[in-house]
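Heads up: the structure comes next, in structure tokens.
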2 protein chains.
Amino acid sequence: MLRDFQSVLKKLHLKVTPKRLAILEVLKNESVYLSPEEVWRKLRKQFSQVGLPTVYRNLEELAQGNVISKVTHPNRQLYYYFCLNPSHHHHFICLSCRTVEDIDFCMFRELEKRVKQELKGRVVSHILQVNGLCKKCLKKDGGSHA
Amino acid sequence: MLRDFQSVLKKLHLKVTPKRLAILEVLKNESVYLSPEEVWRKLRKQFSQVGLPTVYRNLEELAQGNVISKVTHPNRQLYYYFCLNPSHHHHFICLSCRTVEDIDFCMFRELEKRVKQELKGRVVSHILQVNGLCKKCLKKDGGSHA
DNA sequence: GTATTAATAGAAATGGTTTCTATTTATATT
DNA sequence: AATATAAATAGAAACCATTTCTATTAATAC
């Protein structure tokens, strides 16, 4: 669906540059979310000359365009991960291995109702981040994590 | 409940200092969440000598001790607000005036069930932040916000 | 009252992120 | 294919919220 990067970029009026494509490839091939610097380190294996600002700029543009998603980690660094699913959903993030999985679950209606009833307010958006331990990590170490 | 700051601090093994108390007073008297720097500016009205690092340190300690709560804003600055309610709940944040209201609502059980069933994982914690417009702001401007 | 330990001020360092400018590159047009 | 144009990039430098460091001060226990 979002696999055709060329057309995705064109829709967003972003030029199709080798580095832009490479960033998307890097994220596509990860089931784990990466920091901008981690993306940059992987990029440098292909391109000897690539600036960290370029990575930041691209990640931000792609996140704005909903091609990738952003996770805010407790330590205040921003991490990005690739997100093929364009429908509204939430993420389950493994605290141990950083794997990201989609949760086809959303309580927007419920929230909207209660905010309207109880607070007389209106919901515009919501952020739900579910932290936990994934299948693999539960098996591996029974769930020890920092 | 948490109004007796002295005993709250003692329970957390934090010394009862004038500035610590003043920080709590500042936050208690706000229904809006404040950035560390905003807290600092208010503190300086009482104390001519007070360092920003002191504010940061105290806010972090108090947040660790669950006396206050932290909100991460989209612009990546951390904001803090005072939170008297010690039970698990979530927050409704007005995008226009930054008012914070509690939502006595939690879908932990639901999440836990689905993550277990569908992903074979375990939920450790979750963050739910509900952004919207409060009663007052809806009246005032019909909901225009940045 | 004294000892002990935490808390603080102020300066300095840190480090992730952004800005700036000249240069390069993708794309539309011819 | 050649050219025009507007976007993208590298690299250096700036930014700025946050943290660290050290000497000093203040709160608490005894």
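For the numbers below, each heavy atom of this structure counts, side chains included, while hydrogens, waters and symmetry mates do not. Within every chain, numbering begins at 1; the chains are lettered A, B, ... in the order of the sequence lines, protein sequences first and strands thereafter. Computed from a prediction, not measured in an experiment: that's the story for all the values here.
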Salt bridge between B:K135 and B:E101, side-chain N to carboxylate O under 4.0 Å?
no
Would you indicate, yes or no, if D:dT9 has its OP1 or OP2 atom less than 4.0 angstrom from a side-chain nitrogen or oxygen of A:R57?
yes
A:Q49 side chain near D:dG11 phosphate (N/O to OP1/OP2, under 4.0 Å):
yes
Please determine if a side-chain N or O atom of A:R20 lies less than 4.0 Å away from the OP1 or OP2 oxygen of D:dA8.
yes
Between A:R57 and A:E60, is the closest basic N to carboxylate O distance under 4.0 Å?
no
Over how many whole Å does the gap from B:H13 atom NE2 to C:dA7 atom C1' extend?
17 Å
Please determine which of A:I23, A:L34, A:L52 meets the side-chain contact (heavy atoms from CB on, under 4.5 Å) test together with A:W40.
A:L52
Closest to the 5' end of DNA chain D, once A:T54 and B:E37 are matched to their nearest nucleotides, is A:T54
Integer-rounded Å distance: C:dG16 P and A:L59 CG:
15 Å
What integer distance in Å separates B:F47:CZ from C:dA7:P?
16 Å
Contact state string [nucleotides 21-30 of chain D, B base, S sugar-phosphate only, - no protein heavy atom under 4.0 Å]:
------BS--
Suppose we screen for side chain to side chain contact (heavy atoms under 4.5 Å, CB included). Which residues come up paired with A:K15, at least two apart in sequence or across chains?
A:T17, A:R20
Mind checking whether A:H126 and A:F108 have parallel, tilted or perpendicular rings, split at 30° and 60°?
tilted
Stacked cation flag B:R114 on A:F105, 6.0 angstrom / 45 deg
no
